[in-house]
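Naming convention: chains lettered A, B, ... in sequence-line order (proteins, then strands); numbering from 1 in each chain.
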Protein chains: 2
Amino acid sequence: MSSPETDRAYRGLSADERRKDRRSRLVRAAVKLYGARGYANVGVRAICAEAGLTERYFYEAFENGEALAIASFEGIARVLFDNLETAILPHSAPRARLRAALSAWFGLVAAYPDEARFFLKDLDGVSPALEEVRRAVFHRFVALFGRIVGAEPGGSLLEVGAIGGVLEMAVVWMRGGLRIPVDTVVADAERLCSFAFQPQEVRS
Amino acid sequence: MSSPETDRAYRGLSADERRKDRRSRLVRAAVKLYGARGYANVGVRAICAEAGLTERYFYEAFENGEALAIASFEGIARVLFDNLETAILPHSAPRARLRAALSAWFGLVAAYPDEARFFLKDLDGVSPALEEVRRAVFHRFVALFGRIVGAEPGGSLLEVGAIGGVLEMAVVWMRGGLRIPVDTVVADAERLCSFAFQPQEVRS
DNA sequence: GACAATTGACATTCCATGTTGTCAGAATTA
DNA sequence: TAATTCTGACAACATGGAATGTCAATTGTC
């Protein structure tokens with residue numbers, strides 16, 4: 001407990017603005033380092049150094065290190081879903097919506113490699129809380145694609161497989177240095193999804 | 001350096017036999033704990049306790065903790081590939097071979113949940129060495145299925161996606177407590193793979 | 001300019017872990 | 001039985017990280 005009786009401006013920013021700024025700097029630094037070194041190899045010390053802040057402000061912004069990881073992951077997920085929703089907006093035909101969503105997905109992966117690496121690879125087997133967050137986001141991912149192509153809700157295992165495949169494709173694509181043209185990757189992913197997300201009665 | 005001038009039997013086992021026994025006990029204990037708690041939350045102390053051995057024997061058997069993780073993973077992979085090869089042996093038709101392999105895969109997942117959890121989830125973002133091992137095994141996995149259905153070698157991204165999907169299906173299937181009948185899961189996976197692993201000229 | 005709030009650098013505490021070392025006692029052989 | 005190897009329990013050391021605390025210097029307010 002410090003004694004902040006008043007909260008006056010500092011460098012032109014209010015107390016709230018400063019707090020939010022520090023928080024977002026921490027998140028950005030965290031994602032960058034997570035993506036570069038892997039979550040397991042990044043501690044709060046390194047994150048603070050990268051953000052140009054000290055531990056004191058870290059624990060002002062987050063309960064602990066895990067909370068930052070969760071916030072980072074959920075921030076990435078939010079941006080991702082926003083982008084996908086925006087991307088499919090102009091289209092109405094299921095196939096066109098699917099292609100637009102996948103295009104956006106792989107475009108984001110290419111544009112934000114650190115975020116992508118963290119999002120794709122780091123969150124497994126670390127802690128139950130992190131695992132649950134990953135699970136929930138993955139489920140939303142499957143549901144979104146189901147909605148995109150107009151499949152009935154519920155999310156069959158086949159759809160799970162398709163989305164899992166799309167994620168793994170991104171992993172391998174990145175590891176190969178994005179040398180494969182994005183259109184090729186999108187086309188392959190589209191084939192995988194369009195097959196898996198068809199309505200039950202047409203499937204077999 | 002101890003001074004083992006001779007190596008005499010102990011409890012009916014030669015020195016070599018005892019070493020191998022200790023080593024395999026360590027691997028078994030490691031996989032069990034990895035699967036239960038996640039790799040990041042398991043140290044050599046806990047593994048030694050689970051194996052009923054002490055640290056002294058750990059470092060007799062392995063260079064360090066990471067070496068045990070690699071050995072564990074590769075041991076699982078070896079058993080897995082052996083099982084798959086055996087499963088497809090009696091069949092010659094691509095479709096039958098594929099079904100047999102997938103049946104074996106999901107059967108193993110169900111039969112060895114600890115091994116499966118470790119194999120599927122734990123190895124990402126921990127260390128470069130572990131990551132490389134995982135990558136190599138995944139590649140072999142894709143190649144094996146390509147060979148099973150008689151696709152030309154090389155491993156397209158679409159095939160990567162299919163295998164990634166199969167792995168993710170196993171993850172979700174396990175998390176759901178294996179409540180979905182294995183035949184259903186195999187059938188879905190089979191659809192995913194049979195579609196993705198077709199020869200280029202037929203694909204579109 | 002005086003005073004309070006705010007910041008940043010750093011020390012400090014606490015604890016877990018990896019790794020190596022010690023040693024008394026059990027099992028084995030002669 | 002005596003000598004010796006092997007074992008298991010545990011101490012010891014080093015390292016690194018999480019989380020809290022201290023304090024002088026800086027910035028804004030009056």
Problem set entry | Residue mapping more 5' on DNA chain D - nearest nucleotide basis, B:Ala9 or B:Glu55 | B:Ala9
Problem set entry | Length of the OH-P vector between B:Tyr39 and C:dT17, whole Å | 13 Å
Problem set entry | Euclidean distance, atom CG of residue B:Leu26 to atom P of D:dT7 [Å, nearest integer] | 13 Å
Exercise. Under a 4.5 Å cut-off applied to non-hydrogen side-chain atoms, are B:Leu84 and B:Ile88 in contact?
Worked result: no
Exercise. With a non-hydrogen cut-off below 4.0 angstrom, is A:Arg22 in contact with a base, only sugar-phosphate, or nothing?
Worked result: sugar-phosphate
For this session: Could you check whether B:Arg11 gets within reach of a base, just the sugar-phosphate, or nothing at all, counting any heavy atom under 4.0 Å?
Result: sugar-phosphate
Exercise. Once the angle between the rings of A:Tyr39 and A:Phe118 is folded into 0 to 90°, is it parallel (under 30°), tilted (30 to 60°) or perpendicular (over 60°)?
Worked result: tilted
For this session: Between C:dT6, C:dC10, C:dG8, spot the one nearest the side chain of A:Arg18, thanks.
Result: C:dT6
Problem set entry | Check: C:dT29 base within 3.5 Å donor-acceptor of B:Tyr10 side chain | no
Exercise. Which is true for A:Tyr57 with a 4.0 Å heavy-atom rule: it touches a base, it touches only sugar-phosphate, or it touches nothing?
Worked result: base
Exercise. Taking N and O atoms by type only, does the side chain of A:Arg45 place a donor or acceptor under 3.5 Å from a partner on the base of D:dG16?
Worked result: no
Exercise. Over how many whole Å does the gap from A:Phe62 atom CZ to D:dA19 atom P extend?
Worked result: 13 Å
For this session: For B:Tyr59 and for B:Gly12, locate the closest nucleotide of DNA chain C by heavy-atom distance; then report the residue assigned to the nucleotide nearer the 5' terminus.
Result: B:Tyr59
For this session: Please state how far atom CD1 in B:Ile47 lies from atom C1' in C:dA16, giving the value in whole angstrom units.
Result: 15 Å
For this session: Return the value, rounded to whole Å, for the distance between atom CG of B:Leu13 and atom C1' of C:dA26.
Result: 16 Å
Exercise. Can you find a donor-acceptor pair, distance only, under 3.5 Å between B:Arg8 side chain and D:dT4 base?
Worked result: yes
Exercise. Relative to the 5' end of DNA chain C, which residue comes earlier, B:Asn64 or A:Gly52, by the nucleotide with the nearest heavy atom?
Worked result: A:Gly52
Exercise. Ignoring hydrogens and angles, are the base of C:dG21 and the side chain of B:Arg56 linked by a donor-acceptor pair under 3.5 Å?
Worked result: no
Exercise. Any Lys/Arg nitrogen of B:Arg191 or B:Asp188 sitting under 4.0 Å from an Asp/Glu carboxylate oxygen of the other?
Worked result: yes
Exercise. Whole Å only: how far is the CG atom of B:Leu53 from the C1' atom of C:dG18?
Worked result: 17 Å
For this session: Measure the distance from CG on B:Leu68 to C1' on C:dG18 and round it to the nearest whole Å.
Result: 13 Å
Problem set entry | Interatomic distance, A:Arg19 CZ vs C:dT6 C1' [rounded to whole Å] | 12 Å
For this session: Assess the pair A:Trp105 and A:Phe141: is the distance between their ring centroids shorter than 6.0 Å?
Result: yes
For this session: Kindly indicate whether a cation-pi arrangement holds for A:Arg134 with A:Phe138, taking the cut-offs as under 6.0 Å to the six-membered ring centre and within 45° of the axis.
Result: yes
